[in-house]
Amino acid sequence: MQIRVQADPFDYGAECAAFAARAAGPGSGAGAVVTFLGLVRDDGGRLSRMEIEHYPGMTEKALSAIATEAAGRWPLSEVLILHRFGPLAPGDAIMMVGTASRHRAAAFQAADFLMDYLKSRAPFWKKEFAADGAEWVAAKDEDETALGRW
Amino acid sequence: MQIRVQADPFDYGAECAAFAARAAGPGSGAGAVVTFLGLVRDDGGRLSRMEIEHYPGMTEKALSAIATEAAGRWPLSEVLILHRFGPLAPGDAIMMVGTASRHRAAAFQAADFLMDYLKSRAPFWKKEFAADGAEWVAAKDEDETALGRW
Amino acid sequence: MIDLLYFAWVRERIGLPRERLETGAATVADLIEELKLREDRYAAAFADLRALRVAVDQELADFDAPLAGVRELAFFPPMTGG
Amino acid sequence: MIDLLYFAWVRERIGLPRERLETGAATVADLIEELKLREDRYAAAFADLRALRVAVDQELADFDAPLAGVRELAFFPPMTGG
């Protein structure tokens with residue numbers, strides 16, 4: 001299990017390769033690896049930049065708890081949650097998750113679960129900066145509702 | 001949209017990086033990228049090797065049809081299906097799919113859909129070689145049933 | 001003339017990956033009956049149609065599909081990709 | 001003494017990211033009432049509790065959570081990670 005919270009950019013391709021190598025080593029039994037990559041949408045050119053604030057200390061705990069919960073619900077040979085904070089530009093990678101399991105249904109469901117929980121239970125807040133001003137992104141009711149799926 | 005059928009191994013990390021670069025270029029609006037990687041399970045050491053047979057000509061057509069169907073159901077900025085054939089060893093990468101969309105639900109669902117259809121509608125057949133003999137992998141009823149989800 | 005292609009255990013039971021055939025059969029099912037009468041290896045390969053799939057000119061089809069104008073017919077077990 | 005942390009627009013409305021406080025409040029809700037009476041900026045930040053979340057010693061909690069033994073309390077809007 002790997003949890004990383006960082007301001008620095010990450011190399012998505014290199015992270016995928018390293019995750020698959022960890023997840024699918026000899027004896028892991030892994031047959032399925034799923035990764036999700038979240039990017040800053042350019043929003044039709046409206047967005048000039050984004051700033052992500054987080055709660056150092058709690059963030060790592062919350063992400064570990066979410067990953068541990070996923071590993072308890074599905075037989076995962078490996079889990080990755082990597083999330084950036086600080087200033088970001090349109091097109092930048094914000095975060096990624098990785099899941100690996102024997103079968104694909106578990107890997108898909110666990111990745112989807114991680115994303116749902118990460119969205120509403122990890123202490124990150126996005127602020128968007130556009131030509132017409134800056135605004136904190138509002139949480140969506142549907143994000144909270146999504147947790148009811150699990 | 002990229003469809004590739006090949007005997008050669010592929011570099012999963014490099015494929016992920018290239019897919020994300022194609023999928024999330026300026027103006028794509030992409031905010032979510034999902035990849036799935038399928039590996040040869042070692043089956044507790046039982047499996048010594050695997051051989052994948054396919055139907056050249058029909059394979060490419062079937063994969064294109066599946067990718068086109070996915071792109072019609074979800075707003076995808078990019079789709080990748082890459083599948084190997086020929087001899088494979090435990091731990092080897094068999095195939096991968098990639099999907100990119102504005103929102104994560106579409107990217108997850110499209111990747112899951114591609115896998116369900118690829119499993120039952122693309123002309124690939126796996127033969128497993130173990131110490132106690134060789135056997136063609138039997139299709140599972142649940143794989144056919146899974147198509148009913150969509 | 002029609003090209004017949006066999007894959008996986010269908011290929012192994014029939015003993016070859018492809019062959020060309022002149023046939024007067026009207027449908028896929030008729031052609032299968034014709035083949036089964038020819039030799040035991042065909043009878044073995046086509047013994048249980050529920051375990052078989054057919055592609056007509058590289059598209060999945062039913063066993064009652066007509067053969068008129070068809071160039072390529074493929075028989076194989078249910079697919080196991082992914 | 002308790003550490004109070006503020007994030008996102010809560011931090012902006014209150015005008016600082018953290019502060020230490022001596023309080024006799026029994027619960028999170030009591031402390032909020034105490035803060036609201038102190039200055040307008042707290043009243044503005046805590047005007048609508050439905051728009052707020054609280055973490056007690058880095059765990060999400062309810063507003064009626066007791067403060068006895070608590071070292072760190074954080075107030076913030078609903079989270080928007082991912």
Side-chain angles (χ1 to χ4, degrees), chain B residues 3 5 36-41 50-66 81-86 88 93-97 111-128 133-147, chain C residues 1-21 27-29 31-32 35 40-82:
Chain B
I3 305 294
V5 183
F36 176 89
L37 170 68
L39 302 151
V40 182
R41 280 191 296 272
M50 176 182 275
E51 187 100 27
I52 297 182
E53 187 168 329
H54 82 118
Y55 182 171
M58 179 172 168
T59 307
E60 293 78 359
K61 277 187 203 171
L63 295 181
S64 293
I66 292 166
I81 304 180
L82 197 175
H83 207 299
R84 289 178 67 193
F85 60 89
L88 291 159
I94 303 178
M95 49 76 60
M96 69 176 287
V97 303
D112 207 5
F113 171 92
L114 289 177
M115 288 306 302
D116 272 351
Y117 270 78
L118 204 150
K119 245 187 155 54
S120 310
R121 291 292 183 266
F124 291 99
W125 301 274
K126 294 192 182 104
K127 190 172 191 175
E128 292 181 341
E135 206 165 3
W136 289 98
V137 173
K140 296 193 188 81
D141 286 344
E142 66 202 59
D143 288 337
E144 190 63 32
T145 310
L147 302 186
Chain C
M1 295 290 277
I2 193 165
D3 282 309
L4 294 184
L5 279 69
Y6 310 117
F7 294 97
W9 57 254
V10 180
R11 171 178 56 69
E12 291 176 341
R13 286 191 196 172
I14 293 178
L16 78 180
R18 64 189 301 156
E19 57 187 321
R20 299 198 86 182
L21 197 82
T27 67
V28 173
L31 176 63
I32 288 172
L35 289 168
D40 280 354
R41 58 198 172 103
Y42 292 101
F46 293 110
D48 180 7
L49 290 192
R50 288 168 309 175
L52 282 182
R53 300 290 179 268
V54 61
V56 171
D57 285 332
Q58 305 192 349
E59 298 270 0
L60 285 172
D62 293 321
F63 289 105
D64 58 4
L67 288 185
V70 169
R71 298 182 191 197
E72 188 172 299
L73 206 58
F75 295 104
F76 42 77
M79 295 156 275
T80 55

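From a predicted model like this one, the values you see are computed outputs, not experimental measurements. All chains are named by letter (A, B, ...) in the order of the sequence lines, taking the proteins before the strands, and each is independently numbered beginning at 1.
Contacts of B/Arg121 with chain C are made by both backbone and side-chain atoms, with heavy-atom separations under 4.5 Å. Only the side chain of B/Lys61 comes within less than 4.5 Å of a heavy atom of chain C; its backbone N, CA, C and O stay farther away. Proximity to chain C is limited to the side chain of B/Ile94, based on heavy atoms less than 4.5 angstrom apart. With a 4.5 angstrom heavy-atom cutoff, B/Ala138 touches chain C only via backbone atoms.
Heavy-atom minimum distance, B/Val137 versus C/Thr80: O-CG2, 3.4 Å. Here the closest heavy-atom approach between residue C/Met79 and residue B/Ala139 is recorded as O-CB, 3.9 Å.
Atom CG of C/Asp48 sits in a crowded spot, with more than 12 heavy atoms from other residues, nucleotides or ligands closer than 6.0 Å. Heavy atoms of other residues, nucleotides or ligands lying less than 6.0 angstrom from CD of C/Glu19 number more than 12.
The choice from B/Gly38, B/Ser120, B/Ala65 that makes the most heavy-atom pairs within less than 4.5 Å of chain C is B/Ser120. By number of non-hydrogen pairs under 4.5 angstrom with chain C, the leading residue of B/Met95, B/His54, B/Lys126 is B/Lys126.
Checked by atom type and distance alone, the side chain of B/Lys127 never pairs as donor or acceptor with a backbone atom of C/Trp9 at under 3.5 Å.
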B/Glu53 vs C/Arg11, side chain to side chain contact (heavy atoms under 4.5 Å, CB included): CA-CA, chis, key distance, verdict: CA-CA 11 Å; B/Glu53 187 168 329; C/Arg11 171 178 56 69; 2.5 Å; yes

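Classified by interplanar angle (parallel below 30°, tilted 30° to 60°, perpendicular above 60°), the ring pair B/Tyr55/C/Phe76 is perpendicular.
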